[in-house]
Amino acid sequence: MAAPVRCHLKNNIFKHLRSCSRVYRPSHCKQSTSAASLQDYEEPQYPSIKPRLPPGVWGDSQPKWAWQQHERGEELKSIPKAKERLEELAHNEQITAYRVHGLHDTPRTLEYKKFITKTHLLNGLPDAITNCDVSELVAKLQPFIEEAIIEDHNQIRIEQPSDVVAGEYQHQELMSAIFNTILTKLAARHDYLRRAQVDEDVRIEAFWARSGFREQYARAKDNSGVTRFNYKNLASLQLRSELPLPEFVSPDDAVCSSEFPALPYGPHAIGQNLIRDKPMSISGHWIGDPCEFHVMSWLMVPRQSREKFIQKTDEGYYDEQLLQYGLTSSFASCVSQSHNQGFNRYLDITYPFTTQTVLTDGQHFRFFAYQLNSLHIWRPDDAWRVQNICWASPNMKLFDSVEASRVVGFNPDVLRILLQMYLNQPQDRGVDLRPYLPEDESPSKTKDYVNVIGEPVIERPVIGRLQYRADAVYF
Amino acid sequence: MSAKNLPRLARYMPLWKRPIPPYPLHYKGNPKNRVFLPMFWMKMVKHWSTLPNFMHKFEVHPQMTKVDVTNYLNKIYDVKVLDVRTDLERGDEWRTHPMTGDEIGPEPDRRVAYVTVDKKDEFDFPDIFKDLAAPEERQLESYRSAAKDAALDKKKSWQQQDVPSWFR
């Protein structure tokens, strides 16, 4: 940087200017080029021309902004460790975003949620789940599930003799009982379930960007009108494995690149609020855990929330509400998984991420399957056609009621889908899971973890006091 | 209540903007007051940005609550209200009169309600002044397009500008 000129007299200014010879004497005047040196190069050599736009699909984006995005991606690629890359993102990015609400959002926001996650919604579950034949297992496991239901019913009757429902989360025990009975019965035969991890009340956080709103809002955007979103929630139960689930549909399929409808209004119009927070991505476990991929997550939907919602609205709108809740939570789960593998907003995923979600209160069940095909949903829609896909089942009842210690109206179809989801086995897809993290090996290869009683706890590295920054998020 | 007893600001306020006196307390067993015509009012207004067709914006009396808004729409107009969000909008600030130079006082803040409604009550705000609005602007637009064409023509035939257009 040039030193500041501080002179009071006029003469001194001229003196200073004379000394700045660089300004007044161009470089070609300093040295005269000799004819011999020019003859050495027969063909004239020019510096390479920088293309207008960086590699990739950019559409109508401004070149300056496009190059900024590209360079930021290259910058993040040079950070070798996954944790440090996330730390860099958390501290050095803009932090104003729209908070995406889950269950407790205003009604009629399904179209909006589909748009901000760029999701194509399909009815029914994918063939990869429903093709599995489990009729024998259903007959075998039905008495165990019925027993869990009766036990939960009796417990509630003892605690609260009146019909008034007091605790909002009283059916959580029934939910975890169903979850655990299926898991323990199946784990004897299936190795991947023995090696899987189970957690309760895990944090799911995701941060992403989306373009395509007709009206751009100044406070939550970049230079080119990319709007950012944030999702925070707790998953009641989560099952994680060392390997990812198989993909439900090929990303080259016509469904993944069909035309995506535009949204005429923005998040501000329907009262979504802005937050200021660090852009963090948390997928329910510490980074460095061997089980990094979500097999399924169960989300508690308290029965009171339904009653409260239906007082004002309608049964149909509550159905829609559950649909958008399952969609956003599955999307956030996939996004947080991908961030642990070194992908982020700038570095797009190279293989699809998948997850399964169950919304339940113990009696009513709703099943979701999600496939994340691209994180680059901030690219213009007409140029970048790739979209994510969500499959959703209708609302199903596991049983009607409990009368005289007997379950009335048990629905084996619900148990069938549950078992099919458990038996959707994670596979080695034959792709490099961490293409942008060549030096940071996957922890599932270095650590051995089996979910058996008496297993020693995984050792965590001792963190030195000045090893990382004081306000570190992930350490 | 005579205008003499009102506070100074309220005296110049139109009747529909004045604060509503508190509703008489009801004790159990006493006869109930029946409201045949509410003292509240609501005015449908257009939002500065596009709203979805299931969401309407109203300017309401500042004393109205969310429950009042739902009851007003539901009981009088039979509109099924799913959700209400209220907000306060800032009124106009002090400004000077362009002719006299007098200072015109600040407008009071407005309360607005964004109402989410059922499928049967969806409504698109009509653009009434689409054809009527600003004939001068339409004139200007035609002038601009003519100027653009002339500039293009000049670019195309820059050598023959001195000849009439028929010969070019």
Side-chain angles (χ1 to χ4, degrees), chain A residues 98-117 210-221 225 227 261-275 305-325, chain B residues 40 42-60 62 64-90 109-130:
Chain A
Y98 281 102
R99 168 69 50 81
V100 177
H101 301 278
L103 188 61
H104 305 289
D105 204 350
T106 52
R108 306 195 68 177
T109 51
L110 177 63
E111 288 301 314
Y112 167 74
K113 296 281 162 64
K114 269 158 66 174
F115 186 81
I116 59 170
T117 57
R210 178 81 170 101
S211 71
F213 288 109
R214 279 190 200 160
E215 286 145 358
Q216 297 300 340
Y217 304 106
R219 280 184 291 173
K221 71 168 194 176
T227 318
L263 195 75
Y265 52 89
H268 189 83
I270 54 170
Q272 302 290 311
N273 55 342
L274 280 166
I275 51 124
S305 74
R306 180 180 166 277
E307 287 156 19
K308 208 183 274 181
F309 195 88
I310 287 176
Q311 272 182 8
K312 280 184 184 176
T313 59
D314 203 345
E315 191 79 44
Y317 291 118
Y318 185 68
D319 222 39
E320 198 181 296
Q321 194 76 352
L322 288 184
L323 208 58
Q324 60 94 350
Y325 183 37
Chain B
F40 291 134
M42 288 175 76
K43 188 170 95 178
M44 198 176 213
V45 288
K46 199 176 182 184
H47 192 47
W48 58 272
S49 73
T50 41
L51 284 177
N53 58 0
F54 56 81
M55 190 173 275
H56 312 321
K57 184 184 179 183
F58 294 94
E59 193 187 328
V60 298
M64 273 173 98
T65 61
K66 285 181 187 182
V67 178
D68 292 330
V69 171
T70 42
N71 285 341
Y72 191 96
L73 289 173
N74 196 5
K75 298 272 164 67
I76 300 174
Y77 296 103
D78 194 22
V79 171
K80 192 178 176 185
V81 176
L82 305 181
D83 193 33
V84 181
R85 173 166 56 92
T86 54
D87 197 5
L88 272 179
E89 274 185 2
R90 215 178 157 76
D109 293 354
R110 298 178 293 271
R111 180 174 285 273
V112 289
Y114 299 88
V115 182
T116 311
V117 294
D118 191 44
K119 267 167 199 162
K120 73 176 169 63
D121 299 316
E122 282 176 0
F123 170 75
D124 286 309
F125 211 96
D127 195 358
I128 307 166
F129 306 109
K130 193 161 58 182

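Proteins come first, then strands; the chains are lettered A, B, ... in the order of their sequence lines, and each starts at number 1.
For Tyr317(A), the part lying near chain B is the side chain, with the backbone staying farther off; criterion is any non-hydrogen pair under 4.5 Å. Of the two parts of Asn53(B), neither the backbone nor the side chain holds a non-hydrogen atom closer than 4.5 Å to a non-hydrogen atom of chain A. If you measure heavy-atom distances from Val84(B) to chain A, you find no contacts under 4.5 Å at all. Looking at Lys80(B), the atoms closer than 4.5 Å to chain A (heavy atoms on both sides) all sit in the side chain, from C-beta outward.
The two residues Pro107(A) and Leu82(B) come nearest to each other via the heavy atoms CG-CB, 3.8 Å. The two atoms that bring Ile270(A) and Pro52(B) nearest to each other are CG2-CG, 3.5 Å, heavy atoms only.
Taking CZ from Arg108(A) and OG1 from Thr116(B), the interatomic distance works out to 8.5 Å, rounded to the nearest 0.5 Å.
Ring-plane geometry between Tyr265(A) and Phe54(B) is classed as perpendicular, the angle between the planes exceeding 60 degrees on a 0 to 90 degree scale with a lower cut at 30.
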